[in-house]
Number of protein chains: 2
Amino acid sequence: MGNLANSIEDYLKRLLTLSGAGYIDIKRKELSNKFSCVPSQVNYVLETRFTLEKGYLVESKRGGRGYVRIKKLKLSPRSSLIHFLRELEGGLPGEEHAKGFLYRLYEDRFLSLRELRLMEAVLEGLDTLEENPLKNKIRRDLLRQMLVVLLKFDY
Amino acid sequence: MGNLANSIEDYLKRLLTLSGAGYIDIKRKELSNKFSCVPSQVNYVLETRFTLEKGYLVESKRGGRGYVRIKKLKLSPRSSLIHFLRELEGGLPGEEHAKGFLYRLYEDRFLSLRELRLMEAVLEGLDTLEENPLKNKIRRDLLRQMLVVLLKFDY
DNA sequence: CCTTTTTTGACTATCTTTGACCAATAATAT
DNA sequence: ATATTATTGGTCAAAGATAGTCAAAAAAGG
């Protein structure tokens with residue numbers, strides 16, 4: 001069990017626990033130095049251990065003073081969101097299914113009315129597209145990305 | 001927490017807020033001195049953070065008593081929205097242009113952070129689409145529909 | 001063995017900082 | 001007035017600082 005990836009994972013999770021803020025900022029390069037490995041090893045850990053399904057959110061910025069931010073999501077009404085996200089990965093949900101889901105989020109006060117309408121507009125907006133084979137895939141992609149935003153900016 | 005560019009940006013925005021006049025005049029050289037950087041760094045900040053789409057106007061004059069004037073545009077979000085919608089009919093604005101505009105609506109408190117991110121996600125989400133000839137048209141349609149929602153549900 | 005997970009590194013993308021050279025305007029000298 | 005000089009600001013491309021991607025090689029599991 002003592003591989004590199006696990007050590008890095010543990011280290012990051014320890015940092016997260018210690019930090020009161022609910023998130024930590026690291027420098028990819030520094031971290032890889034600390035563990036004497038290549039930088040992309042850090043990406044591997046992030047991709048395999050800090051996924052959305054596992055309740056983490058990773059953001060980053062390149063360039064001078066860049067960073068990688070790891071956020072621990074507090075799950076609550078959010079579990080349904082994550083569940084829906086997982087469903088999305090599997091197949092394409094019909095527009096009605098998607099809308100129903102959004103409406104439930106709205107009823108649970110997880111979405112404002114305006115946010116609901118915005119998202120519906122996107123789902124519907126694609127209808128004007130005459131039968132394009134990609135349509136459903138596009139709809140799913142957009143929906144997924146929007147849901148991720150909801151996870152990210154939960155207030 | 002910030003790089004140079006961000007610090008300068010924050011500093012200028014603070015000045016703008018404090019100033020009752022709706023604009024500020026600075027000396028490029030003085031500013032770069034204050035932040036111990038080269039003058040052109042100031043131009044970088046102006047070009048990336050104080051664009052027209054984001055609701056700022058920058059004028060300047062060279063030579064003795066030269067200056068750089070930064071003005072916060074005060075069109076109401078509603079009217080700029082309508083104006084932007086009209087522009088949309090003509091041709092498609094580049095993604096950067098569109099995002100800048102949304103950012104402005106956010107700074108003017110017409111959009112919440114979450115709404116901003118949702119809409120950005122839609123604009124970016126289409127990037128994952130490999131070159132589809134319809135991509136730009138779709139982007140424009142979705143953007144238009146979302147903007148209409150904003151007009152409708154204006155609180 | 002064969003499969004899955006981990007580790008590495010070469011190549012790429014993005015954002016920032018710097019510097020050398022250019023352009024415009026005002027102030028001053030003739 | 002005109003020419004000259006001092007004072008500003010502008011442009012652009014290169015260098016620097018991070019982070020991301022992808023696929024091959026290596027290691028671990030079964």
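Here is the naming used below: chain letters follow the sequence lines, and residue numbers restart at 1 for every chain. All heavy atoms count here, side chains included; hydrogens, waters and symmetry mates do not.
Nucleotide D/dT8 holds its P atom 9 Å from the NZ atom of B/Lys29, rounded to whole Å. The CD atom of A/Gln41 sits 15 Å away from the C1' atom of D/dA23 (whole-angstrom rounding). If you take CZ of A/Arg28 and C1' of C/dT14, they are 12 Å apart, rounded to a whole angstrom. If you take NZ of B/Lys61 and P of D/dG9, they are 11 Å apart, rounded to a whole angstrom. Nucleotide D/dT8 holds its P atom 16 Å from the CZ atom of B/Arg69, rounded to whole Å. We find that CD of B/Glu9 is positioned 13 Å from C1' of C/dC15, with the value rounded to whole Å. The CG-C1' distance, from A/Asn43 to D/dT18, rounds to 12 Å in whole Å. Whole-Å rounding puts the A/Asn6 CG to D/dA27 C1' distance at 14 Å.
No contact: A/Thr48 has no heavy atom under 4.0 Å from any strand. Within the nucleic acid shown, A/Gly63 comes within 4.0 Å of at least one base atom, counting heavy atoms only.
Residues A/Phe153 and A/Leu57 are members of one and the same hydrophobic cluster, defined by side-chain heavy-atom contacts under 4.5 angstrom among Ile, Leu, Val, Met, Phe, Trp and Tyr.
Side-chain proximity of A/Arg62 to C/dT16, D/dG9, D/dT18: nearest is D/dT18. Side-chain proximity of B/Lys27 to D/dA19, C/dT17, D/dG9: nearest is D/dG9. Between D/dA19, C/dT7, C/dG9, one nucleotide has an atom nearer to the side chain of A/Val38 than all others, and that is C/dG9.
Stacking of B/Lys71 on the aromatic ring of B/Tyr56 is not recorded, the 6.0 Å distance cut-off and the 45° axial limit not both being met.
Comment: A/Arg117 engages A/Glu120 in a salt bridge, judged by a side-chain N to carboxylate O separation of less than 4.0 angstrom. A salt bridge is defined here as a Lys NZ or Arg NE, NH1 or NH2 lying under 4.0 Å from an Asp or Glu carboxylate O, and B/Asp10 with B/Arg14 fails to meet this definition.
For C/dC15, the OP1/OP2 oxygens have no side-chain nitrogen or oxygen of B/Arg49 closer than 4.0 Å. Between B/Tyr44 and C/dT16 there is a side-chain polar atom (N or O) within less than 4.0 angstrom of OP1 or OP2.
One can find a donor-acceptor pair under 3.5 Å joining the base of C/dG19 and the side-chain atoms of B/Ser40.
Side-chain contact check for A/Lys13 versus A/Lys72: every heavy-atom pair is 4.5 Å or farther apart.
Both B/Arg65 and B/Leu4 lie near DNA chain C, and the one whose nearest nucleotide falls closer to the 5' end is B/Leu4.
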